J.: 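Please find one structure pasted underneath; my questions will follow.
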2 protein chains.
Amino acid sequence: MKAPGRWLTGLVVLAIACAATAAEPLSSWNDGAAKQGIVTFVNAVTQKGGKDFVPEAERIAVFDNDGTLWSEQPIYVQFAFMFDQLRAAAPKHPEWQSNPAFKALVAQDKKALAEIGQKPVLELLATANSGMTVGEYDQSIRNWLKSARHPQLKRGYTELVYLPMQELLTYLRANGFKTFIVSGGSVEFMRPWAEQAYGIPPEQVIGSQQDVKFEMRDGKPVLTRAPKIAFVDDGPGKPVGIYRQLGRRPIAAFGNSDGDLQMLQVTAAGVGRRLLLLVHHDDAEREFAYDRQSHVGKLDKAWDEAKAGNWIVVSMKSDWKKVFAFQK
Amino acid sequence: MKAPGRWLTGLVVLAIACAATAAEPLSSWNDGAAKQGIVTFVNAVTQKGGKDFVPEAERIAVFDNDGTLWSEQPIYVQFAFMFDQLRAAAPKHPEWQSNPAFKALVAQDKKALAEIGQKPVLELLATANSGMTVGEYDQSIRNWLKSARHPQLKRGYTELVYLPMQELLTYLRANGFKTFIVSGGSVEFMRPWAEQAYGIPPEQVIGSQQDVKFEMRDGKPVLTRAPKIAFVDDGPGKPVGIYRQLGRRPIAAFGNSDGDLQMLQVTAAGVGRRLLLLVHHDDAEREFAYDRQSHVGKLDKAWDEAKAGNWIVVSMKSDWKKVFAFQK
């Protein structure tokens with residue numbers, strides 16, 4: 001009976017490992033209404049035979065990226081990347097000097113950028129990177145991420161992901177959920193690092209899209225970038241992006257600003273139990289504090305709707321033991 | 001030692017079950033170069049430590065739908081659906097009487113339809129179903145599929161999926177592949193039945209897209225269909241659709257016509273071992289026989305490229321024991 005003995009040892013080790021993981025699935029979350037609400041929801045939809053049970057295939061959870069999974073202040077990380085790219089390309093584009101989006105970027109004028117919206121800024125970059133192959137563009141993003149640092153937090157940007165949200169992603173997947181990002185940012189900007197940071201593979205990243213074209217270049221088939229925005233995945237665009245790419249209604253949605261409102265509304269409108277959650281940035285000490293008045297990540301209408309609809313609102317200050325993994 | 005005894009029995013049963021499944025993964029395929037080529041490829045990319053090993057996350061396989069996974073003659077199934085929808089809507093659209101796409105559909109003129117291409121036909125339907133919610137449209141497709149029958153094969157359309165290709169999908173997934181549909185047809189038309197027929201969930205269906213818009217209707221958030229085609233996922237559009245939605249280069253691609261050529265080219269152009277396969281319709285008795293001269297599913301340039309590039313070409317007549325599950 002030597003072999004079964006070994007299996008037994010293996011099973012015991014496995015059982016202990018599972019128990020250890022299961023015991024502390026959200027260890028950076030303080031006990032409180034937010035954590036309790038999440039756990040109660042997950043228990044309800046995974047309980048076989050229970051009235052709220054949802055089959056695994058339909059356990060779809062969608063997450064906004066900027067401000068929900070990582071920092072978005074003082075400007076969206078992608079805007080910082082664009083700014084560097086545009087500054088490098090500017091000498092070839094004298095016409096930009098009178099372009100309102102370019103002027104706002106150069107001046108880092110957050111108010112003007114908020115008023116202009118994402119599309120004109122994305123269009124500027126689309127002009128700048130037009131003609132690049134998708135591979136070259138991907139490489140330019142990876143290169144930038146290697147060296148760029150956050151101006152206040154003094155860290156590489158991919159370190160600025162929220163530890164409690166990483167734990168939440170892991171916890172949901174351990175309970176049979178499929179997790180997706182649904183962001184106003186462009187898919188190309190997230191895919192190179194989303195798998196490592198969040199455990200989310202490229203095919204589960206939904207975002208804004210620049211046009212690309214198939215062509216033969218030097219006898220080889222390549223995709224090149226065209227100077228046109230094909231889709232803006234923000235605000236009312238988010239449920240559209242979910243419909244296009246995912247084709248199912250999520251049962252859980254996570255955001256932090258008015259740009260996530262319609263995604264949460266459509267998620268809420270489905271039949272059955274739902275988890276709807278907003279991250280509230282109220283922690284000026286460990287990260288940033290902003291809401292109704294902010295030009296980036298404005299949380300105003302969605303806040304009112306969260307209160308009216310009894311959605312979970314996470315206080316970063318009181319619900320999270322840590323914000324970033326690097327903090328003690 | 002009673003409990004380990006029970007586990008042992010369980011393990012033995014499991015081992016036998018696994019062996020039985022593993023022994024006949026492609027049981028409707030005759031032994032021959034096509035089956036051999038598939039198995040050799042799968043063994044190579046799944047062998048840990050082997051020179052062709054590919055990690056699971058990168059084992060992406062893409063399948064054309066019409067003519068590759070199910071029948072496309074005498075006209076694409078979706079065109080048969082559209083024809084019925086348009087006939088019902090025609091009294092409200094007198095302007096269609098002079099529309100070339102509408103005239104070709106009414107006359108079932110395959111040559112004219114092939115020359116016109118997919119977009120004008122999709123645009124007609126887009127006008128017809130504009131304003132419907134996505135839920136209503138989904139229901140109209142499900143209703144139609146319940147009653148519609150193939151004119152020659154006298155079966156419901158969803159029975160017209162190829163059994164050997166269903167086995168191939170299962171075999172690839174059992175070997176850690178993630179399988180996607182990449183079709184010129186619209187996503188909405190495939191999603192309601194792709195999961196049951198192919199084991200492919202809605203989020204792994206890539207196809208042509210009509211514009212949809214978010215709106216509040218009677219106080220409820222809905223997505224409604226706009227009279228505009230947002231994306232045609234055919235020919236050079238296929239690698240673009242893959243880039244947008246999947247964001248990785250596949251390592252295996254399956255098609256049957258020139259509309260799949262660019263998808264296969266882009267798949268072939270990646271680094272590492274590849275599986276490239278065309279289904280050749282040469283079985284007039286059990287299904288249909290057509291290739292270079294056909295107006296639907298024309299296989300001409302892709303045939304030449306398959307021969308030059310040593311891609312696998314499946315003869316439906318000699319490589320498949322059965323075409324459809326209902327055949328003896």
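Below, read A as the first sequence line, B as the second, and so on, with proteins coming before strands; counting in each chain starts at 1. Keep in mind the model is a prediction, meaning the values are calculated, not measured.
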J.: Any side-chain heavy-atom pair from B:R244 and A:F231 closer than 4.5 angstrom?
T.: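 No - every pair of side-chain heavy atoms lies 4.5 Å or more apart.
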J.: Where do A:P221 and B:A269 come nearest, in terms of heavy atoms and distance?
T.: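 Of all heavy-atom pairs spanning A:P221 and B:A269, the closest is CG-CB, 3.8 Å.
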J.: Could you tell me whether the side chain of B:E203 reaches within less than 4.5 Å of the side chain of A:I60, counting heavy atoms only?
T.: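 They are in side-chain contact.
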J.: What I want to find out is whether A:E195 reaches B:R248 closely enough, with some N-O distance under 4.0 Å, to be called a salt bridge.
T.: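 Answer for the salt bridge query: yes.
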J.: Check each atom of A:K178 against the heavy atoms of chain B and say whether the ones under 4.5 Å are side chain, backbone, both or neither.
T.: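 Looking at A:K178, just its side chain touches chain B.
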J.: Given that the side chain runs from C-beta out, which part of A:Q262 has a heavy atom under 4.5 Å from chain B: side chain, backbone, both or neither?
T.: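 A:Q262 touches chain B through backbone and side-chain heavy atoms alike.
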J.: Where is the tightest heavy-atom contact between B:P239 and A:F214, given as atom of each residue plus distance?
T.: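 For B:P239 versus A:F214, the nearest heavy atoms are CG-CD1, 3.7 Å.
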J.: Can you tell me if B:Q245 uses its side chain to pair, donor with acceptor, with the backbone of A:Q245 under 3.5 Å?
T.: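 It does hold such a pair.
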J.: Find the one option among B:G247, B:P236, B:P202 whose heavy-atom pairs under 4.5 Å with chain A are most numerous.
T.: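 Counting heavy-atom pairs under 4.5 Å, the top option is B:P202.
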J.: Which atoms of A:L246 come close to chain B, meaning under 4.5 Å heavy atom to heavy atom: side chain ones, backbone ones, both, or neither?
T.: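 Interface part for A:L246: both.
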J.: Search all heavy atoms of B:Y243 against all heavy atoms of A:R191 and return the closest pair with its distance.
T.: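 That would be O-NH1, 2.9 Å.
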J.: Using non-hydrogen atoms and a 4.5 Å limit, figure out which bit of A:Q204 sits close to chain B: side chain, backbone, both or neither.
T.: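 Looking at A:Q204, just its side chain touches chain B.
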